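All of these numbers come straight from a predicted model, not from anything done at the bench. Remember, it's 1-based here, ligands and their atoms both numbered in the order they're listed.
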Amino acid sequence: MKVVELNHPLIEHKLAILRDKKTGTKEFRELVSEIASILCYEALRDAKLTPVEIETPLEKMKTNKLNENYYVFIPILRAGMGMLDGVIKIVPNAKIGHIGMYRDEKTAKPINYYFKVPNGIKNKEVIIIDPMLATGGSAVDAIDLLKEKGVKKIKFLCIISTKEGIDNIKKKHKDVDIYTAHIDERLNEKKYICPGLGDAGDRIYGTK
Ligand code: PRP
Ligand code: URA
């Protein structure tokens with residue numbers, strides 16, 4: 001299992017703005033999308049290319065292209081939707097599925113309310129997107145649901161994560177690689193990530 005934490009001064013800079021409670025909805029959305037593009041770029045470092053022959057304005061050449069149809073992005077609703085346009089910018093012809101989950105406010109356990117994925121998903125690479133990996137409960141359940149559909153290749157992209165969340169994915173799904181912009185220190189008593197950025201869904205949609 002690979003855990004890739006983006007380690008770059010620009011990411012630290014962008015995260016500082018994202019985390020700041022004074023940052024408004026517009027800028028928050030733009031940054032979530034931008035960081036999602038960068039995570040996606042990292043996650044596709046191992047992408048297999050197909051040889052093609054093209055013609056430049058000067059001459060023919062043999063080169064390689066990505067089979068974009070091989071990829072399926074799956075946002076975990078709601079907050080995962082905030083990352084979708086960022087990843088689609090990188091792989092515009094990828095397919096998209098949706099998994100609806102919310103954490104019960106008292107128990108912090110995930111409740112699944114929606115599941116819709118493209119046909120033929122078991123032969124595709126699935127990239128789950130969700131800005132927050134806190135306890136890991138939502139991620140583990142989403143991966144369970146996808147594996148039940150026969151999916152064999154899964155990656156998980158998140159902006160802020162915790163060691164606890166990563167360890168919980170590792171325990172059950174050590175074949176899933178994780179790409180995260182930052183691993184934060186801890187969870188508080190309400191299972192929110194600290195220092196974190198607050199409730200990602202509420203900040204993206206301006207619901208609180
Ligand atoms: C957030 C977040 C993850 C989940 C992470 O969603 O977007 O899906 O919590 O927590 P976990 O790792 O402890 O499961 P939330 O339940 O707040 O729903 P929302 O996206 O609808 O706001
Ligand atoms: N979900 C969020 O949006 N933020 C957290 O810190 C934890 C779960």
Give the C-alpha distance, both sets of side-chain angles, the deciding distance and a yes or no for side-chain hydrogen bond (donor to acceptor under 3.5 Å, both in side chains) between Asp184 and His182.
CA-CA 6 Å; Asp184 268 16; His182 198 266; 2.8 Å; yes
With distance as the sole criterion, is a donor-acceptor pair present between the side chains of Tyr192 and Asp199 under 3.5 Å?
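Looking only at side-chain atoms, Asp199 and Tyr192 do form a donor-acceptor pair, the distance falling under 3.5 Å.
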Flag for Thr107-Asp104: side-chain donor and acceptor within less than 3.5 Å:
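There is such a pair between these side chains.
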At a heavy-atom distance under 4.0 Å, which protein residues reach ligand 1? Sort them by chain and number, would you?
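The answer is Leu77, Arg78, Ala79, Met101, Tyr102, Arg103, Asp130, Met132, Leu133, Ala134, Thr135, Gly136, Gly137, Ser138, Asp199, Gly201, counting any residue whose heavy atom sits under 4.0 Å from ligand 1.
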List the protein residues in contact with ligand 2, where contact means a heavy-atom separation under 4.0 angstrom.
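Lining ligand 2 at under 4.0 Å, by heavy atoms, one finds Arg103, Met132, Ala134, Lys191, Tyr192, Ile193, Gly198, Asp199, Ala200.
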Using the salt bridge (charged side-chain N to carboxylate O under 4.0 Å, His left out) definition, which of the options Lys155, Lys153, Lys152, Lys147 pairs with Asp175?
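Considering Lys155, Lys153, Lys152, Lys147, a salt bridge (charged side-chain N to carboxylate O under 4.0 Å, His left out) with Asp175 is found only for Lys147.
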Minimum side-chain heavy-atom gap Arg203-Val32 below 4.5 Å:
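No, too far: nothing below the 4.5 Å cut-off.
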Residues forming a side chain to side chain donor-acceptor pair (under 3.5 Å) with Arg78, sequence neighbours excluded:
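Result, side chain to side chain donor-acceptor pair (under 3.5 Å) vs Arg78: Asp202, Thr207.
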Taking side chain to side chain donor-acceptor pair (under 3.5 Å) as the test, write out the residues that go with Ser33, two or more places apart.
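Scan of Ser33 (side chain to side chain donor-acceptor pair (under 3.5 Å), adjacent residues dropped) gives Asp85.
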Any idea which heavy atoms bring Ile128 and Ile154 closest together, and the distance?
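Between these two residues, the closest heavy atoms are CD1-CG2, 3.8 Å.
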Output yes when Lys163 and Asp167 qualify as a salt bridge under the 4.0 Å nitrogen-oxygen rule, no when they do not.
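A salt bridge is present here (some side-chain N lies under 4.0 Å from a carboxylate O).
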